[in-house]
Amino acid sequence: MNPRAPLLAERMSRLGTETAFEVLAHARELESRGRTVVHLEIGEPDFDTPANIVEAAIGALRGGKTHYGPSSGLEETRAAIAEDFSRRRGVAVDSLQVVVLAGGKPAIFFGLIALVQRGDEVIYPNPGFPIYESMIEFSEARAVPIALREDNGFRMDVDELERLITPRTKVVIINSPHNPTGSVMTGEEIRRVAEITSRRGIWLFSDEIYGRMVYEGEHVTPLCHSDPERTIVLDGFSKTYAMTGWRLGYSISSKEMAVRIARLQTNCNSCPATFSQIAAVEALKGSQESVDHMVREFDRRRRLVVEGLNRLPGVTCVMPRGAFYAFANVQRAITGRFATVRDLQRALLDEAGVATLAGTAFGANGEGYLRLSYANSADNLTEALRRMDRFLKT
Ligand code: PLP
């Protein structure tokens, strides 16, 4: 054994990652060497944070909101979140159920660390946001994937979910609207999942970070139907208000669970940034025109991208209903030319200057698919499609 090797804890070998950041780094490196790259890999709105929110943060900074705050978040921010969530989702939430976090991601980290351990099973969507699987395994629980299939519009098959449940199932994770496929579960499917988990005493973790980005159908939170004592909702400001760099999200859970999540935050980052939280109140209470505009624009680009993808040789793509991702079936484009979709992803970036993500960055069931984020200008999307067309035809 190398005596200089770092003596890491065994759990570190079970920690996964988000490939998007690695592809972004590679793309930036190509750009630094003079190449042009169209970025369809990273999941963030290309819009700037609305000016009224930025002004609120500047005012907060000037007003001295630069100190530690409570670990569960500022009371005014928790109250604004509770009021907004209750009104939009039609379910009464108390501010004591809200914990303001440094992004939506900590809700996954803290929620799973608090709930699961060796011997537990957690059912999660595959393909799905890679942090679920990573954190389940880090927590030493068994990760039980549920396949989201194209022939079911990439929605979770609730009958299959029922079959996967065992006496060891501790948590079921759902994510609608869904990253990476853009699928949106129907209200009836959400209600059934809520009913099944409540009846069987299983925790339901509902990631609703794309809840405002629905173009067809409607977003329903399971909290309307599930056991509120065993439900955790994740939402946040990153996507809805184009605030990815502000690091601001939240969890909604029982009051008791909220205390535990806040305790984890005390141990980790003490509290989210105070001035970001003041800006969050403005985000929720101020004009929503920027959000509405952004969502309309994503809807327009969604059609542009999906129609364009369906014209490419060897590519088909179902119309996503929410979020800002297209999940294209590229199986025929891969066959005979590449071993895996990962190789296609690499070649598209290195040879055609289009940064995308292999579906396998979201789990084994993503083989044969590419995820493209359409949070980019119509011009850039058109250019990406043109480059892909040329690449696939040569
Ligand atoms: N959940 C899903 C499904 C996501 O796609 C993301 C970000 O890409 C997050 C959670 C994390 O959001 P945040 O950047 O607020 O931590």
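Atoms within a ligand are numbered from 1 in the order they appear, just like the ligands themselves.
Taking only nitrogen or oxygen atoms, main chain and side chain alike, G43 does not reach within less than 3.5 Å of ligand 1.
Closest approach of P177 to Y210, counting heavy atoms only: CG-O, 3.2 Å. Minimum interatomic distance between E229 and S254 (heavy atoms only, all atoms of both residues): OE1-CB, 3.6 Å.
Close contacts of ligand 1 with G103, meaning ligand atoms under 4.0 Å from a residue heavy atom, involve 15 (O), 16 (O). In the vicinity of I209, heavy-atom distances shorter than 4.0 Å reach the ligand 1 atoms 1 (N), 2 (C), 3 (C), 4 (C), 12 (O), 15 (O). Near S238, with a cut-off below 4.0 Å to any heavy atom, the atoms of ligand 1 are 13 (P), 14 (O), 15 (O). Against a heavy-atom cut-off of under 4.0 Å, Y210 is close to the following atoms of ligand 1: 3 (C), 4 (C), 5 (O), 8 (O). Listed by atom number, the atoms of ligand 1 under 4.0 Å from R247 heavy atoms are 13 (P), 14 (O), 15 (O), 16 (O). Atom numbering of ligand 1 starts at 1 in the shown order; those under 4.0 Å from a heavy atom of N175 are 3 (C). The distance from ligand 1 to the heavy atoms of Y132 drops below 4.0 Å at these ligand atoms: 3 (C).
With atom 2 (C) of ligand 1 as the reference point, the heavy atom nearest to it among D207, N179, L101 is part of D207.
T266 and S71 share a donor-acceptor pair across their side chains, judged by distance under 3.5 Å alone. Side-chain atoms of T166 and E121 form a donor-acceptor pair, as typed in the model, at a separation below 3.5 Å. Inspection of the R371 and N179 side chains reveals an N or O donor paired with an N or O acceptor under 3.5 Å. Between the side chains of D350 and H26, at least one donor N or O lies within less than 3.5 Å of an accepting N or O.
Contacts with ligand 1 closer than 4.0 Å are made by no heavy atom of E44, backbone or side chain. Under 4.0 angstrom from ligand 1, there are no non-hydrogen atoms of F237. Of all the heavy atoms of H178, none lies under 4.0 Å from any atom of ligand 1, so neither backbone nor side chain is involved.
The main-chain N or O of E29 is found under 3.5 Å from a side-chain atom of S32 such that the two form a donor-acceptor pair.
The protein atom (non-hydrogen) at minimum distance from atom 6 (C) of ligand 1 is F129 CZ, 3.4 Å. Nearest protein heavy-atom contact of atom 8 (O) of ligand 1 is K239 NZ, 2.7 Å.
A continuous path of hydrophobic side-chain contacts links I53 to V295 [ILVMFWY only; heavy atoms under 4.5 Å].
Figure legend: cation-pi geometry between R337 and F391, with NZ or CZ positioned under 6.0 Å from the six-membered ring centre and within 45° of its axis.
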